[in-house]
Amino acid sequence: MLDPKWIRSEPEALAKRLLKKKYSLNIEWLAELDGQRKQLQLETENLQNERNTRSKAIGKAKAAGENVDAILQSMEQLKTELETKKELLNALQLEFHSYLMGVPNVPDESVPPGNDESGNLVVSTWGEPKQFDFAVKDHAELGEGLAEGLDFATAAKITGSRFVVMRGQVALLHRALIQFMLNTHTRDHGYEEVNVPYIVNSDSLTGTGQLPKFEEDLFKLRGEQAYYLIPTAEVPVTNIVRDEILESASLPIKFVCHSPCFRSEAGSYGKDTKGMIRQHQFEKVELVQIVTPQTSDSTLEELTAHAERILQLLHLPYRKVILCGGDMGFASAKTYDLEVWLPSQTCYREISSCSSFTDYQARRMQARWRNPATGKPELVHTINGSGLAVGRTLVAIMENYQEADGRIRIPSALVAYMHGLEYLG
RNA sequence: GGAGAGGUGGCCGAGUGGUCGAAGGCGCGCCCCUGCUAAGGGCGUAUAGGAGAAAUCUUAUCGAGGGUUCAAAUCCCUCCCUCUCCGCCA
């Protein structure tokens, strides 16, 4: 959520910046609404003040044994007037708030303009795509060719499309990747590992920005309560600090979390139908940092570098792009995507997305820290990114490390996690 | 699933209709006293919204929401959470 004060004080500047995200802020309507609100709030509070004063007077008069009929009578009109004003005010405030919950975060000044993916800018490229002297296979074909590999047909039988069964060596490689990533981030990068619920309530999803606008992307559970499967560990992990006031000494908070992620993929029917690129269920190692506003810019760079390090240790060629305004997420102020080279597609595909949310999520969550300089609670900044998407990393390894005979070499960084196994197949 | 007990400020804990944003204690901050240490004294110490240049004023908040009332932490209803016992269970 954006700061309502900001919207009041400089609506034009704000609207201009939101335009970069293809969002048009209705500033005339907002000003009108806020004007009404101001008037009504003043009137309502005056009436409440009057009511409180008179009520206390009644209490005193009664204690003194005086007659209170007259004052009691004078309250009647005040009461009805207050009730109607209060109702109106509540309705106005709700309307204002609901609108605000649908306004995206403001993009950072450094975010390039653009309508879609084509507007993204390549920041850097690492590694050289390997030249193969044979016809490369995609990961689905490779996986289905292995004795202990990928089985999409069985997953479709068990559940439906966009699921996979991993078997034997491939399942081991998948698990090895998770261990490798968690170890690297905890040992080398100073993150605390957390294990969190995979089912969350609507408050948590509202806090990180998935609700109310993107409910159709989520799997909602049936039952009395509004429970959802998490679309990313970002939701439970970031919400650890919801409604908290953190001491400055405890910052930055650095969490790493492995979790499954569940996405309905509504509206992506034609895309990536083959293979593991786009699944309803996948696993991810997520990095989350809770920081002071002063350090959020550098933290985004640092956290992105932590995700990059995994790709580098696995010797997977990738590039880093900064997303343009039109391609960014709703709550993000700035996003770097890491894209890994996929030989079968001869292009780079997203494997990590690292974003700074400034105080946008923090305001929704009421996540604050006590600033020693002011002694007052102030909003924290939140930054998160995948480090990395495990399923897609598996895909990248299978494709980049494939051999002419269909076997797959295990990257040296992972061999220890594979009980010494050097090849799949 | 059945029965019961609770949810109050950073923490503990009092408060069953009014003068209660809330006693008391702990913690924390500033000051005083004390030549160290220990102890003692005074003052202060929630969050959010609004008006105002500011001092300040004002509204709301005692798990959440609704209700009764001139007035609710206190009474009523619904929900959530925690704890204890029984049952079931990975």
Side-chain angles (χ1 to χ4, degrees), chain A residues 1-9 30-101 195-207 211-212 221-228 236 239-251 359-380:
Chain A
M1 195 167 83
L2 298 179
D3 188 350
K5 286 178 191 157
W6 193 9
I7 295 184
R8 285 181 194 126
S9 61
L30 276 172
E32 164 75 19
L33 197 69
D34 196 51
Q36 289 178 25
R37 190 227 86 232
K38 195 181 275 194
Q39 177 66 22
L40 257 177
Q41 181 162 352
L42 222 56
E43 291 172 6
T44 305
E45 290 189 356
N46 283 338
L47 286 172
Q48 281 175 324
N49 185 13
E50 186 58 31
R51 181 203 58 194
N52 291 347
T53 312
R54 289 194 203 174
S55 285
K56 282 185 186 174
I58 291 174
K60 278 184 187 161
K62 273 197 169 175
E66 294 165 19
N67 187 298
V68 294
D69 289 355
I71 193 165
L72 225 49
Q73 211 170 14
S74 77
M75 290 291 266
E76 269 176 47
Q77 196 199 337
L78 187 102
K79 202 187 169 191
T80 52
E81 199 182 340
L82 176 61
E83 264 169 22
T84 48
K85 287 241 158 86
K86 206 172 179 179
E87 249 171 66
L88 248 154
L89 177 66
N90 284 344
L92 272 183
Q93 283 179 325
L94 191 71
E95 199 176 356
F96 190 76
H97 187 253
S98 312
Y99 184 82
L100 230 57
M101 291 301 271
N195 190 295
V196 294
Y198 304 147
I199 295 173
V200 292
N201 59 34
S202 53
D203 285 345
S204 293
L205 287 157
T206 304
L211 288 180
L221 269 50
R222 282 195 66 171
E224 309 234 326
Q225 298 184 58
Y227 281 164
Y228 301 80
N239 274 280
I240 287 173
V241 298
R242 171 154 56 89
D243 294 321
E244 298 289 338
I245 299 172
L246 306 158
E247 292 307 320
S248 66
S250 69
L251 299 176
D359 62 10
Y360 188 88
Q361 291 182 326
R363 186 171 291 104
R364 286 172 163 248
M365 292 193 300
Q366 282 304 299
R368 292 165 296 173
W369 67 298
R370 198 172 292 280
N371 186 346
T374 61
K376 289 288 169 192
E378 295 173 14
L379 294 168
V380 297

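Here is how names work: the chains are called A, B, and so on, in the same order as the sequence lines, proteins then strands, and each is numbered from 1. Just so we're clear, the structure is a prediction, and the values are computed from it rather than from any experiment.
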Exercise for the section: Taking atom C1' in both B/rC26 and B/rG44, compute the distance separating them and give it to the nearest angstrom. Expected result: 16 Å
Problem - Counterpart residues, side chain to side chain contact (heavy atoms under 4.5 Å, CB included), relative to A/E378 (two or more places apart) - result: A/W369, A/N371, A/T374
Exercise for the section: Not counting sequence neighbours, list each pair that qualifies as a salt bridge (charged side-chain N to carboxylate O under 4.0 Å, His left out) and has a residue in residues 51-60 of chain A. Expected result: A/E50-A/R54
Problem - Nucleotide B/rC70, atom P - distance to CG of A/L47 in whole Å - result: 17 Å
Practice task
Tell me which of A/K5 and A/K62 sits closer to the 5' end of RNA chain B, going by the nucleotide each one is nearest to.
Solution key: A/K62
Handout entry: Pairwise C1' distance, B/rA54 and B/rG40 [rounded to whole Å]
Key = 40 Å
Report, one line per pair, each donor and acceptor closer than 3.5 Å where one atom sits in a side chain of residues 75-82 of chain A; sequence neighbours left out.
unit_1: A/T80; atom_1: OG1; unit_2: A/Q77; atom_2: O; d: 2.9

Practice task
Using atom CD of A/Q73 as one end and atom C1' of B/rA71 as the other, report the distance to the nearest whole Å.
Solution key: 18 Å
Problem - Side chain to side chain, A/Y360 and A/R364, heavy atoms closer than 4.5 Å - result: yes
Practice task
Provide the distance between the two C1' atoms, one in B/rA90 and one in B/rG21, to the nearest whole Å.
Solution key: 47 Å
Exercise for the section: Assign A/P377 to base, sugar-phosphate, or nothing according to its heavy-atom contacts below 4.0 angstrom with the strands shown. Expected result: sugar-phosphate
Completion exercise
Which of B/rG21, B/rA48, B/rG50 is nearest the side chain of A/K56? It is B/rG21
Handout entry: For atom CG of A/N90 and atom P of B/rU61, their distance in whole Å
Key = 12 Å
Handout entry: Residue A/K79, side-chain heavy atoms: nucleotide from B/rU47, B/rC70, B/rG49 that is nearest
Key = B/rC70
Completion exercise
Taken to the nearest whole Å, NZ/A/K85 to C1'/B/rG50 is 16 Å
Problem - Side chain proximity check, A/Y99 to A/L33, heavy atoms < 4.5 angstrom - result: no
Practice task
Could you measure between the two C1' atoms, the one in B/rG18 and the one in B/rA22, and give it in whole Å?
Solution key: 14 Å
Exercise for the section: Write down the distance separating the P atoms in B/rU82 and B/rC30, rounded off to the nearest Å. Expected result: 39 Å
Handout entry: Whole angstrom value for the distance that separates C1' of B/rC28 from NZ of A/K376
Key = 15 Å
Exercise for the section: Provide the distance between the two P atoms, one in B/rA64 and one in B/rU69, to the nearest whole Å. Expected result: 23 Å
Problem - Heavy-atom check, side chain of A/L89 versus side chain of A/R37, under 4.5 Å - result: yes
Problem - A/S55 versus A/N52, side-chain donor and acceptor atoms under 3.5 Å - result: no
Problem - Inter-nucleotide C1' distance (B/rG9, B/rG52), Å rounded - result: 29 Å
Practice task
Going 5' to 3' through nucleotides 51-60 of chain B, assign each nucleotide B (protein heavy atom under 4.0 Å from a base atom), S (under 4.0 Å only from sugar-phosphate atoms) or - (no protein heavy atom that close).
Solution key: S------SSS
Practice task
Please tell me if the side chains of A/E43 and A/N46 come closer than 4.5 Å, counting only heavy atoms from C-beta onward.
Solution key: no
Exercise for the section: May I have the distance from A/D243 (atom CG) to B/rU61 (atom C1'), rounded to whole angstrom? Expected result: 13 Å
Fill in the blank from the handout: Between CG of A/N201 and P of B/rC81 the distance, given in whole Å, is 10 Å
Exercise for the section: Using atom types as modelled and distance alone, determine if a side-chain donor or acceptor of A/R368 lies under 3.5 Å from a backbone N or O of A/K376. Expected result: no
Handout entry: A/I7 and A/L100, any side-chain heavy atoms less than 4.5 Å apart
Key = yes
Practice task
Round to the nearest Å and state the distance from A/I58 atom CD1 to B/rG17 atom P.
Solution key: 18 Å
Exercise for the section: State whether the number of non-hydrogen atoms from other residues, nucleotides or ligands found under 6.0 Å of A/E83 atom CD is greater than 12. Expected result: yes
What protein N or O atoms touch nucleotides 8-13 of chain B N or O atoms at under 3.5 angstrom, if any, and at what distances?
none

Handout entry: Student check: side-chain heavy atoms of A/T206 and A/M101 closer than 4.5 Å
Key = yes
Practice task
Give a yes or no on whether the backbone of A/S204 and the side-chain of A/N239 come within a donor-acceptor separation of less than 3.5 Å.
Solution key: yes
Practice task
Dot-bracket notation for RNA chain B is requested: 5' to 3', Watson-Crick or G-U wobble pairs only, both distances under 3.5 Å, with ( ), [ ], | and . as defined.
Solution key: ((((((((.[[[..)..(.....]]]((((((.......))))))((((((....)))))).[[[[[..)....]]]]])))))))....
Handout entry: Euclidean distance for C1', B/rA60 against B/rG1 (whole angstrom)
Key = 40 Å
